Amino acid sequence: MPWPTHRPRRLRDSKVIRDLVRETKLSPDDLIYPIFVVSGKNHKIPINTLPGQARLSPDEAAKLAVEYRNLGGRAVLLFGIPDYKDEVGSSGADPLGPVPLAINAIKEAAPDLIVVTDVCLCEYTSHGHCGLVENNRVKNDPSLAHLAEQALTHVRAGADIVAPSDMMDGRVGAIRQVLDKAGYEDRPIMAYSVKYASSFYGPFREAADSAPSFGDRRGYQMDPANRLEARLEVELDLAEGADIIMVKPAGPYLDIVREVRNLIDRPLAAYQVSGEMAMLKAAAAVGALDFKAAALESLLGIKRAGADLILTYLAPEVLPWLGK
Ligand code: PBG
């Protein structure tokens, strides 16, 4: 197509014309806001590694949920930091643990807000691994019942969606079976299907107190070098009954988001993880980039790559900027 017949700049000439032909738009409906909950009352403990985020008791989580909903927010994702930890992560299935109590409080204060819960053992186990440990190895099959029990506890407390993030094989099917048997066949599963063993989770592990006490997560999370393997993970989770597929992290893995987008017709989520947000904040703090512009561009990139939903700590900050 020869120049000067085609001049792409014609459609960039004014803001209005750029608005008219824009291919990708961010909306409040796209965002899910991750929050951290603890037990007790009146707790709002700042998390040093995650600027702007805090560990919240259920009453404070409910206040935040109302504020978030009033900004136009639609969904939150809950992470629990329990009072006690043991070898099998039993506090994760405690109906009086921080997550079930926070679900109750949030649902009472903001019933129309969707509450997603992260289902994993790492915050609840004494060794910090996402499954049960025997002889210093993370065992797959014995972990499944514990994960399913935790998911059931969340759903019983009123969670709208459960999101398993442990990367054990077969956990989506195990959770689906247990939920169905208990009469919760209507509750969707958002599977962290393609979750890489990433260094970008650093700030989160500090926040959730979930760093493994020995070894690392490379025996169950995916090798950052692999793309084709992502297709297998997605196919397995869909076959086991996942309703929403997630890729995590998002920014450094946009090729994977696109790969999965092209593979599936189901809703796709991508998680802009703690390290991605920490980099943006740190760069903005030294004046290296404009925070608002860079934050919006990072999210737009994730959506353009093919994500329908974005999990991001930036959600409450960017909501007021959307649609302007
Ligand atoms: C739990 C879990 C992690 C994250 C979400 N769920 C940590 C991990 O796998 O070590 C990371 C979230 C983030 O970095 O923002 N398994």
Side-chain angles (χ1 to χ4, degrees), residues 31-37 47-55 76-82 85 89 91-92 98-99 116-125 127-133 138 140 143-144 146-147 150-151 154 159 161-169 171-172 175 189-224 233 244 246-253 269-282 295 298-299 302 307 309-315:
L31 305 180
I32 302 177
Y33 179 33
I35 60 182
F36 297 86
V37 295
I47 301 170
N48 294 332
T49 53
L50 282 174
Q53 313 302 310
R55 295 178 175 192
V76 293
L77 168 70
L78 301 187
F79 289 98
I81 302 150
K85 303 188 186 219
S91 53
V99 169
V116 188
T117 59
D118 186 89
V119 172
C120 195
L121 297 179
C122 66
E123 296 109 291
Y124 305 97
T125 48
H127 44 72
H129 277 289
C130 305
L132 303 198
V133 170
V138 177
N140 194 88
S143 305
L144 302 182
H146 293 269
L147 290 161
Q150 185 183 128
H154 294 171
I161 301 177
V162 288
S165 67
D166 52 283
M167 288 302 276
M168 297 301 120
D169 294 329
R171 92 278 205 208
V172 172
I175 291 172
I189 298 175
M190 176 162 76
Y192 288 73
S193 304
V194 184
K195 179 174 177 181
Y196 287 94
S198 170
S199 45
F200 289 94
Y201 307 149
F204 172 95
R205 290 186 189 164
E206 185 72 33
D209 187 24
S210 68
S213 61
F214 68 90
D216 53 42
R217 302 211 201 290
R218 281 182 253 189
Y220 41 103
Q221 298 180 348
M222 276 180 58
D223 183 341
E233 284 286 4
I244 302 173
M246 194 202 297
V247 171
K248 178 186 172 189
Y253 294 82
Y271 199 140
Q272 182 180 54
V273 300
S274 55
E276 296 177 70
M277 115 111 160
M279 289 195 304
L280 282 167
K281 289 273 178 190
S298 71
L299 296 170
I302 295 166
L309 293 166
I310 305 172
L311 297 106
T312 176
Y313 302 98
L314 303 176

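Everything numeric in this text was worked out from a predicted model, so none of it was measured. Counting starts at 1 for both ligands and their atoms, in listed order. Computation of the quantities below employed the complete heavy-atom set of this structure, encompassing side-chain atoms and omitting hydrogens, waters and symmetry-equivalent molecules.
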Legend entry - Asp223, CG: over 12 other non-hydrogen atoms inside 6.0 angstrom: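 It does: Asp223 CG has more than 12 such atoms within range.
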Legend entry - Parallel, tilted or perpendicular: ring planes of Phe204 versus Phe79, cut at 30 and 60 degrees: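 Aromatic pair Phe204/Phe79 classed perpendicular.
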Just jot down the ligand 1 atoms closer than 4.0 angstrom to any heavy atom of [X], in number order.
X: Val273; answer: 13 (C), 14 (O), 15 (O)
X: Cys122; answer: 1 (C), 16 (N)
X: Ser165; answer: 1 (C), 2 (C), 6 (N), 16 (N)

Legend entry - Contact check, Met167 vs ligand 1, heavy-atom distance below 4.0 Å: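 Contact check Met167 vs ligand 1: negative.
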Legend entry - Distance under 6.0 Å and angle within 45° of ring axis: Lys195 vs Tyr271: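 Judged by the rule (NZ or CZ under 6.0 Å from the ring centre, within 45° of its axis), Lys195 is not positioned above Tyr271.
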Inset, instruction - Would you kindly say whether Glu276 and Ser298 are connected by a side-chain donor-acceptor distance under 3.5 Å? - result: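 Judged by distance alone, the side chains do not pair up.
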What's the separation between atom [atom1] in [X] and atom [atom2] in [Y], rounded to the nearest 0.5 Å?
X: Glu233; Y: Met167; atom1: CD; atom2: CE; answer: 4.0 Å
X: Met222; Y: Tyr253; atom1: CE; atom2: OH; answer: 9.0 Å
X: Asp166; Y: His146; atom1: CG; atom2: NE2; answer: 12.5 Å

Which residue and atom name correspond to the protein heavy atom nearest [atom], and how close is it?
atom: atom 11 (C) of ligand 1; result: Lys248 NZ, 2.8 Å
atom: atom 14 (O) of ligand 1; result: Ser274 OG, 2.7 Å
atom: atom 16 (N) of ligand 1; result: Lys195 NZ, 3.0 Å
atom: atom 10 (O) of ligand 1; result: Arg205 NE, 2.6 Å
atom: atom 15 (O) of ligand 1; result: Tyr313 OH, 2.6 Å

Inset, instruction - Could you tell me whether the side chain of Thr49 and the main chain of Pro203 form a donor-acceptor pair under 3.5 Å? - result: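 Yes: the side chain of Thr49 pairs with the backbone of Pro203.
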Inset, instruction - Return a yes/no value for Arg217: is any of its N or O atoms, backbone included, closer than 3.5 angstrom to an N or O of ligand 1? - result: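 N/O-N/O distance below 3.5 Å exists for this pair.
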Inset, instruction - Answer side chain, backbone, both or neither: which part of Asp166 comes under 4.0 Å from ligand 1, heavy atoms only. - result: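 Near ligand 1, Asp166 shows nothing, with every heavy atom at 4.0 Å or more.
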